Amino acid sequence: SSGVPLTPTRGSASLRAAEAAEAAEAAAAAAAAIAAAASQSAKDDGANASATAIGGVVAGDTGRPNSIADALDAAAPKRVEVENKVEIGGRNFELLEVIGRGAFGVVWRARSKQISDGSEEVAAVKVVSAKDSGGFASAAFEAELLQILTVGLQSGSKVRSPGAFLSGTGGHVPSYIAHSTTRTGLADGGGTVRLAMSFVPGGALDKWLYGISDEEHKTVDVAQLVDGHLPDGQQGSWWLRNSCSIVRELLSQLAGVFRALAPIAFHRDVSSHNVLVHFDENEPLKPHFALIDFGLAVRSGSWSKEWRSSNLAGDPRYWTPPAWMAFAFGFKYVATHPNSGFQQQYLNRVDHFSLGVLGLEVLFALWYQAEAYENRHPGLLEVRAAWCKYWVAAIHLFQMFHRHGAQEVRQYLAQSQDEGVSGLVNHLRQLRRALRAAAMHRENNQCAALLLVLADLMDEKGTVTWAEIPTMLGEDVAHEVPQVSAHPSVLSRSSMSLIDPPVASFVAGGHRA
């Protein structure tokens with residue numbers, strides 16, 4: 001990178017993310033038990049925002065159980081004797097070791113012999129034991145969705161973006177291999193779904209960033225996450241230019257996945273724990289990212305009719321403002337909110353928002369901010385300050401879920417005007433304003449498009465599409481000053497089209513020249 005060190009303090013040895021195994025998700029079972037013990041609080045006209053346990057996060061409209069300690073004890077991981085060989089879709093798999101465990105199932109590293117030549121194939125096998133028909137349908141849909149995605153991307157369809165081609169373990173989502181479903185035959189309609197998919201190399205992005213497990217995020221001092229330098233992590237050790245390069249790769253690669261996914265489903269659980277990162281030592285600024293765990297996905301075609309009777313889902317740190325509104329006040333509050341953008345965000349852009357939050361998390365976790373005090377990157381410290389206000393509030397709520405239960409979080413949101421839902425909305429508004437202001441400085445030309453795309457992804461009235469993201473981010477790479485197109489129907493939109501026309505005209509007139 002033009003002689004600039006990759007990191008100011010740690011060097012490229014710390015990039016070996018593939019050596020970091022993904023942290024186990026055993027606490028998710030505890031969250032599920034808490035959610036099951038909780039009583040529903042009806043705050044809407046029949047709206048159902050019931051609890052969902054995601055990756056150790058209770059997310060939904062639930063009450064607090066009488067004894068969280070009892071729920072935790074009941075949900076403690078128990079050893080289950082499992083045969084080490086299973087047949088899935090007519091293929092035999094040998095289960096080698098557990099690589100992931102959550103509220104809904106277990107993921108194994110496995111291997112299978114190819115029938116054609118007898119060669120061995122490394123795979124991941126997800127086994128979900130659903131207790132009811134709803135859980136069974138969700139698990140089966142995840143398998144069907146991955147199958148559709150794999151076929152669509154591998155066939156070279158038009159929805160594929162450059163660099164997002166699925167090819168075995170080199171894809172940005174696991175490739176579908178086979179799946180099988182078995183009903184219990186009981187009245188509850190539950191059963192077991194086994195899904196075999198390609199084994200994607202790399203480690204969890206959150207583990208690489210912070211060097212701590214998913215479980216530790218629930219109790220770690222918030223200051224250590226936003227301003228600390230936790231051992232074995234990457235915090236504060238990258239120059240801005242290189243940090244931006246990593247985030248551009250993240251957004252560009254996953255935009256291709258979401259472009260293929262959107263006509264079929266919404267993921268609803270984008271987080272730093274559900275993204276894997278893998279580094280090639282020869283290209284340390286071009287890591288490979290993969291999106292995993294489609295277990296909470298919903299059909300996009302019917303979502304507009306089902307959202308008011310749906311479960312809230314996903315990691316609360318990456319929730320949209322309307323998700324928090326629905327959690328605190330019910331879905332009717334969202335549907336009747338004077339800002340209709342919030343309802344549209346929940347209906348169409350929940351993955352956009354979560355990816356925007358993830359992009360900023362990575363950017364400011366990596367950035368060595370001391371370089372901003374050298375009269376470089378004007379406005380970026382203001383952006384970081386605005387980001388920290390929002391992120392601290394989100395982490396605080398996330399940790400409150402685990403320490404005190406969902407009902408106490410709801411009461412806190414309802415009683416705290418400054419730190420409740422309205423506070424989150426205000427923090428986001430200030431953050432977007434700071435991002436767009438920083439993009440106006442000519443000194444930030446090499447990251448201006450990235451800042452504008454991130455702001456738009458998190459805006460309830462955002463317009464950037466998945467197809468546009470790689471092209472817009474390319475403006476920074478080419479060191480070009482974006483210009484507003486006079487013929488947007490003919491030419492691709494530039495990142496400058498993501499801000500208000502008067503501001504865009506002012507910038508095009510010379511402020512960033």
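The model shown is predicted, which means the values in this text are computed figures rather than measured ones. Counting begins at 1 with the first residue of the sequence.
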Q) Do you know which two heavy atoms are closest between V200 and L276, and how far apart they sit? A) O-CD1, 3.9 Å
Q.
Salt bridge check, R268 against D351: does any charged N sit closer than 4.0 Å to a carboxylate O?
A. no
Q | Single hit among R248, H288, H172 for side chain to side chain donor-acceptor pair (under 3.5 Å) with Q253 | A | H172
Q) Can you say whether the rings of F327 and F401 are parallel (under 30°), tilted (30 to 60°) or perpendicular (over 60°)? A) tilted
Q: Just jot down the side-chain contact (heavy atoms from CB on, under 4.5 Å) partners of R111, sequence neighbours excluded, or say none.
A: E94, L96, E120
Q | Sequence-distant partners of Y176, side chain to side chain donor-acceptor pair (under 3.5 Å), two or more places apart | A | H179
Q: Kindly indicate whether the side chain of L428, heavy atoms from C-beta on, has any atom under 4.5 Å from the side chain of F353.
A: yes
Q) With under 30° as parallel and over 60° as perpendicular, where do the rings of F258 and W466 fit, or are they tilted in between? A) parallel
Q. Hey, are the side chains of H267 and L291 touching, using non-hydrogen atoms and a 4.5 Å cut-off?
A. yes
Q. Is the gap between the ring centers of W391 and F364 under 6.0 Å?
A. no
(Q) I'd like to check the side chain to side chain donor-acceptor pair (under 3.5 Å) partners of S243; sequence neighbours left out, ordered by chain and number. (A) none
Q | Qualifying residues under side-chain contact (heavy atoms from CB on, under 4.5 Å), relative to T182, sequence neighbours excluded | A | R194
Q) Will you find, in the side chains of E361 and Y318, an N or O donor that is under 3.5 Å from an N or O acceptor? A) yes
Q. When rounded to the nearest 0.5 angstrom, what distance separates OG in S213 from NE2 in H273?
A. 9.0 Å
Q. Do you know which two heavy atoms are closest between S180 and G89, and how far apart they sit?
A. CB-N, 4.2 Å
Q: Check whether any side-chain heavy atom of F199 sits under 4.5 Å from a side-chain heavy atom of I99, and report yes or no.
A: yes
Q: Apply the test side chain to side chain donor-acceptor pair (under 3.5 Å) to residues T320 and Q345: give CA-CA distance (whole Å), side-chain angles for both, the deciding distance (0.1 Å), then the verdict.
A: CA-CA 8 Å; T320 60; Q345 185 178 51; 4.7 Å; no
Q: Begin with the C-alpha distance, continue with both residues' side-chain angles, and end with the deciding distance and a verdict on salt bridge (charged side-chain N to carboxylate O under 4.0 Å, His left out) for K126 and D293.
A: CA-CA 10 Å; K126 184 174 184 178; D293 198 346; 3.3 Å; yes
Q) Is there a side-chain contact between L355 and L251, using heavy atoms and a 4.5 Å cut-off? A) yes
Q) Nearest 0.5 Å, what's the CZ-CG distance between F289 and L254? A) 7.5 Å
**Q.** Closest non-hydrogen atom pair, F331 against L312
**A.** CZ-CD2, 4.1 Å
**Q.** Candidates T219, D206, L225 - the one meeting side-chain contact (heavy atoms from CB on, under 4.5 Å) with I212
**A.** L225
Q. Taking C-beta and beyond as the side chain, do F93 and N84 meet within less than 4.5 Å on heavy atoms?
A. no
Q. Do any pairs count as a side chain to side chain donor-acceptor pair (under 3.5 Å) and have a residue in residues 294-303, sequence neighbours left out, and if so which ones?
A. S302-E306
Q. Are Y210 and Q224 close enough that some pair of their side-chain heavy atoms sits under 4.5 Å apart?
A. no
Q. Can you name the side chain to side chain donor-acceptor pair (under 3.5 Å) partners of W324, sequence neighbours left out?
A. none
Q | Between T471 and E468: side-chain donor-acceptor atoms closer than 3.5 Å | A | no
Q. Hey, are the side chains of C244 and L363 touching, using non-hydrogen atoms and a 4.5 Å cut-off?
A. yes
Q) Does a salt bridge link E121 with R91, judged by any charged N lying under 4.0 Å from a carboxylate O? A) yes
**Q.** Side-chain ion pair, D459 and K461, N-O less than 4.0 Å
**A.** no
Q. Atom CG of D315 and atom CG of D269: how far apart are they, to the nearest 0.5 Å?
A. 7.0 Å
**Q.** Intermediate values then yes/no, side chain to side chain contact (heavy atoms under 4.5 Å, CB included), T192 and F136
**A.** CA-CA 7 Å; T192 301; F136 184 85; over 6 Å; no
Q) Out of curiosity, L285 CG to D280 CG, how far, rounded to the nearest 0.5 Å? A) 11.5 Å
(Q) Using side-chain heavy atoms (C-beta onward) and a distance below 4.5 Å, is R349 in contact with V464? (A) yes
